[in-house]
Amino acid sequence: MRHQLLSLLVSAGSLAGCTLVDLEVEVRRACATQPPVAIEGFPETHGALEHELVFDSEALLAQFAALDAEVEFAGASVRAAGPATGLAFVEAASLEVASDDPAVAAVELHACDGDCAQADGALELAPSAALDLLAYAEAGPMTFNLGLVGSLPHEAWTMEVDVCLAAQVHYALGTSDVR
């Protein structure tokens, strides 16, 4: 085995400028579940809920930034738990990503009004456009601002949120990288 590896490396030396390994990796959907959030009941018959989800993206995405990579928002899922067992009361929803860095503008990732997709009692927030999230991750914690509008429950309930990302990573190892 060592002899074969040595032969490969010697042969690689004669292939100056050639690519030895070329990898393309695609992660279609990886989700991060936020801790459950307690939501107070709303006294009005119709209301709006705004909630901020902060992801310490530095640890999560720092490795992608060093590679030839794209990381995009792949969707979010919002579920109700506790007395509220579904989100049929939601008439409109929005989700945007923001950063602490004023040079990185907040961008709307999803918006629906009257046509919010639901599956198995969960509100499904699909991406409205492709957006590389690495600029947000490099600027510090990413903040996802979630807005819900509708006939919100009068009793307290718990909200659970999954934020999902997709990634494409390209890595090439050339003979000039082998020493």
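- Counting heavy atoms from C-beta outward, T158 and V37 have side chains that stay 4.5 Å or more apart.
- Here the CD-CG distance, from E50 to N145, works out to 7.5 Å after rounding to the nearest 0.5 Å.
- Counting heavy atoms of neighbouring residues, nucleotides and ligands inside a 6.0 Å radius, atom CD of E40 does not exceed 12 of them.
- From D162, atom CG reaches atom CG of L53 across 10.5 Å, with rounding to the nearest 0.5 Å.
- In this structure, L165 is a member of the same hydrophobic cluster as V169, with clusters built from ILVMFWY side-chain heavy atoms closer than 4.5 Å.
- Between M159 and R79 there is no side-chain heavy-atom pair separated by less than 4.5 Å.
- Rounded to the nearest 0.5 Å, atoms CG (D132) and CD (E70) are 5.5 Å apart.
- Side-chain atoms of F144 and V54, non-hydrogen and from C-beta on, never get closer than 4.5 Å to each other.
- Residue pairs satisfying the side-chain hydrogen bond (donor to acceptor under 3.5 Å, both in side chains) criterion with at least one member in residues 116-127, sequence neighbours excluded, are listed as follows: S77-E124.
- The heavy-atom pair separating V90 from L123 by the smallest distance is CG1-CD2, 4.1 Å.
- Considering every non-hydrogen atom in both A126 and H110, the closest pair reads O-ND1, 2.6 Å.
- For A74 against P127, the heavy-atom pair with the smallest separation is O-CD, 3.6 Å.
- The structure places CG of L49 at 6.0 Å from CG of L152, a figure rounded to the nearest 0.5 Å.
- Looking only at atom types and distance, the side chain of H154 has no donor-acceptor partner in the side chain of E44 under 3.5 Å away.
- Put simply, CG on L133 and CG on L131 are 5.0 Å apart, with the number rounded to the nearest 0.5 Å.
- Using a 4.5 Å heavy-atom threshold, the side chains of V27 and Q168 count as separate.
- Between E91 and S151, the closest side-chain pair of non-hydrogen atoms falls below 4.5 Å.
- Using a distance-only test at 3.5 Å, with no hydrogens or angles considered, a donor-acceptor pair links the side chain of D115 to the main chain of D113.
- For an aromatic pair to be called close, the ring centres must be under 6.0 Å apart, and F89 with W157 satisfies this.
- Under the salt bridge (Lys or Arg N to Asp or Glu O under 4.0 Å) criterion, D100 pairs with no residue, sequence neighbours left out.
- Expressed to the nearest 0.5 Å, how far CD of E96 lies from CG of L109 amounts to 8.0 Å.
- Heavy-atom minimum distance, A69 versus L134: O-CD1, 3.4 Å.
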Kindly indicate, with the supporting measurements, whether the criterion side-chain contact (heavy atoms from CB on, under 4.5 Å) is fulfilled by L87 and V78.
CA-CA 8 Å; L87 294 169; V78 182; 3.8 Å; yes

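- By the 4.5 Å heavy-atom criterion applied to side chains, L146 and V161 are counted as neighbours.
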